Amino acid sequence: MNRHKIIAFGIIAEKIGKTEFYLENIATTQALKEKLYNQYPFLQTLTFSIAIDHEILQEELTLEENQEIALLPPFSGG
Amino acid sequence: MNRHKIIAFGIIAEKIGKTEFYLENIATTQALKEKLYNQYPFLQTLTFSIAIDHEILQEELTLEENQEIALLPPFSGG
Amino acid sequence: MNHSPFSFAFLQGAITPTHIAEIVQQNAAMLTLGAHSLFLGQVRADEKENGSITAIEYTCYAEMATAQIQKIITLHSTQYALKSVFIYHSIGTVAIGEICLCVAVGAAHRKEAIEACQSIVESIKKEVPIWGREIINESTSIWKTNHFSSSQ
Amino acid sequence: MNHSPFSFAFLQGAITPTHIAEIVQQNAAMLTLGAHSLFLGQVRADEKENGSITAIEYTCYAEMATAQIQKIITLHSTQYALKSVFIYHSIGTVAIGEICLCVAVGAAHRKEAIEACQSIVESIKKEVPIWGREIINESTSIWKTNHFSSSQ
């Protein structure tokens with residue numbers, strides 16, 4: 001069984017009420033998104049990126065142990 | 001008889017050895033240029049502008065009393 | 001202050017005119033540098049539905065933001081043959097009238113300095129995980145949106 | 001320092017980091033200003049035939065230069081809806097590594113500030129009667145040439 005820590009920022013952290021949580025048994029980024037949409041339906045209507053180990057996800061991947069998974073709303077620095 | 005004061009800057013002042021001089025009996029800007037080219041032949045091979053009362057000369061004009069006539073080599077500020 | 005001519009730091013709170021002067025001073029030591037181009041972002045008292053903005057609270061994904069900015073610096077330094085790049089971004093609360101971003105670029109000639117500075121500012125707004133929450137009053141805030149968002 | 005947000009001055013000798021900080025400070029008082037774009041010109045130790053440059057000596061046609069810069073400020077302020085324009089140019093001797101020109105523009109948004117600053121710098125180099133004499137050593141100097149010259 002794998003277990004991934006997910007960290008959240010900005011409006012996503014605000015809406016889910018925490019800056020980190022865990023998801024279990026997600027083998028791929030597709031499975032990750034399904035689980036997220038299921039658990040937090042508001043994410044279906046929000047633009048956001050997923051970063052795996054600080055790299056923005058560009059195509060679907062198999063997830064590995066100890067990766068840092070982050071949910072990033074649109075950037076608004078500057 | 002009219003008499004005009006001419007002021008010179010940069011490389012022009014350096015080459016003629018002074019920053020101001022007088023020319024007499026010049027009724028137009030064409031006459032001014034002829035006299036300048038005659039008196040300082042190096043001006044024929046140098047790019048420069050003439051300013052009349054702080055305005056760059058765009059077309060030939062009749063000169064009036066008490067105008068400030070300036071000889072300006074290419075600008076190199078900044 | 002970091003003494004490499006290519007450096008980035010998050011600063012807690014506002015960036016001050018003194019910080020800017022220190023950056024300018026560092027560039028002045030470089031005898032092949034002919035042009036500095038600086039961009040400073042400042043918090044505006046924009047009017048919103050429930051009142052006007054009084055401050056922006058910045059948060060970031062620190063490790064990723066730092067990595068992204070280092071990439072932006074490396075990319076631009078090479079592409080534009082830059083002599084120096086100094087970047088500061090605020091974290092935490094920055095009040096209206098205060099500076100939250102400084103990008104200072106040094107190059108031999110003005111064309112490279114100006115183009116690189118502008119491109120770095122756009123890259124920071126697009127590619128770096130920083131978020132601003134616009135504070136209206138004690139009970140209201142709005143998540144800031146940039147004119148573009150990440151293409152993901 | 002002039003307290004109008006649209007001002008120009010010739011400074012004797014180099015422009016210092018403290019002058020830059022003062023300009024930044026003045027913009028910080030403006031609550032509708034969101035972007036500063038600054039350009040600083042610095043004297044480079046370029047190699048010439050008889051040695052490398054050690055300083056530039058600036059002279060100007062003061063009345064005309066001031067009138068031209070005021071025109072440039074008015075034109076750009078209107079065209080780009082600027083909140084502030086501060087311009088300093090050095091007169092006299094400026095050593096290598098020192099700053100000879102500062103153009104600092106403030107606007108609501110970055111696009112206007114950056115474009116206006118760049119255009120003002122180009123206008124100053126093209127349209128303002130200032131001349132630089134590059135000092136190589138005690139007996140040699142060369143009149144500086146900008147990348148373009150007056151079209152007249």
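A note on names: the letters A, B, ... follow the listed sequences, proteins ahead of strands, and every chain is numbered from 1. It should be emphasised that the depicted structure is a prediction, and the values quoted were computed from it without experimental measurement.
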What residues of residues 40-61 of chain D make heavy-atom contacts with chain B at a cutoff under 4.5 angstrom?
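The list, in residue order, reads D/Y58, D/C60, D/Y61.
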If you look at every heavy atom in B/E14 and D/W143, which pair is closest and at what distance?
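Heavy atoms of B/E14 and D/W143 come nearest at OE1-NE1, 3.2 Å.
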If you take all heavy atoms of D/Q68 and B/H54, which pair is closest and at what distance?
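Where D/Q68 meets B/H54 most closely, the heavy atoms are OE1-O, 4.4 Å.
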Chain B heavy atoms under 4.5 Å from D/L101: which part of the residue, side chain, backbone, both or neither?
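The side chain, not the backbone.
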Straight-line distance of D/E127 CD to B/F75 CZ, nearest 0.5 Å:
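One finds 9.0 Å between CD of D/E127 and CZ of B/F75.
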Distance (rounded to the nearest 0.5 Å) between B/L72 CG and D/I130 CD1
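Here the interatomic distance stands at 12.0 Å.
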Considering residues at least two apart in sequence or located in another chain, which fulfil the ring-ring contact (aromatic ring centres under 6.0 Å, His included) criterion with B/Y40?
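Scan of B/Y40 (ring-ring contact (aromatic ring centres under 6.0 Å, His included), adjacent residues dropped) gives B/F21.
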Once the angle between the rings of B/F9 and D/W131 is folded into 0 to 90°, is it parallel (under 30°), tilted (30 to 60°) or perpendicular (over 60°)?
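If you compare the ring of B/F9 with that of D/W131, the planes turn out parallel.
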Could you check whether any side-chain heavy atom of D/M64 comes within less than 4.5 Å of a side-chain heavy atom of B/E68, counting everything from C-beta outward?
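SC-SC contact between D/M64 and B/E68 ruled out.
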Using a cut-off of under 4.5 Å on heavy-atom pairs, state which of B/G10, B/S76, B/A51 scores highest against chain D.
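Looking at each of B/G10, B/S76, B/A51 in turn, B/S76 comes out on top.
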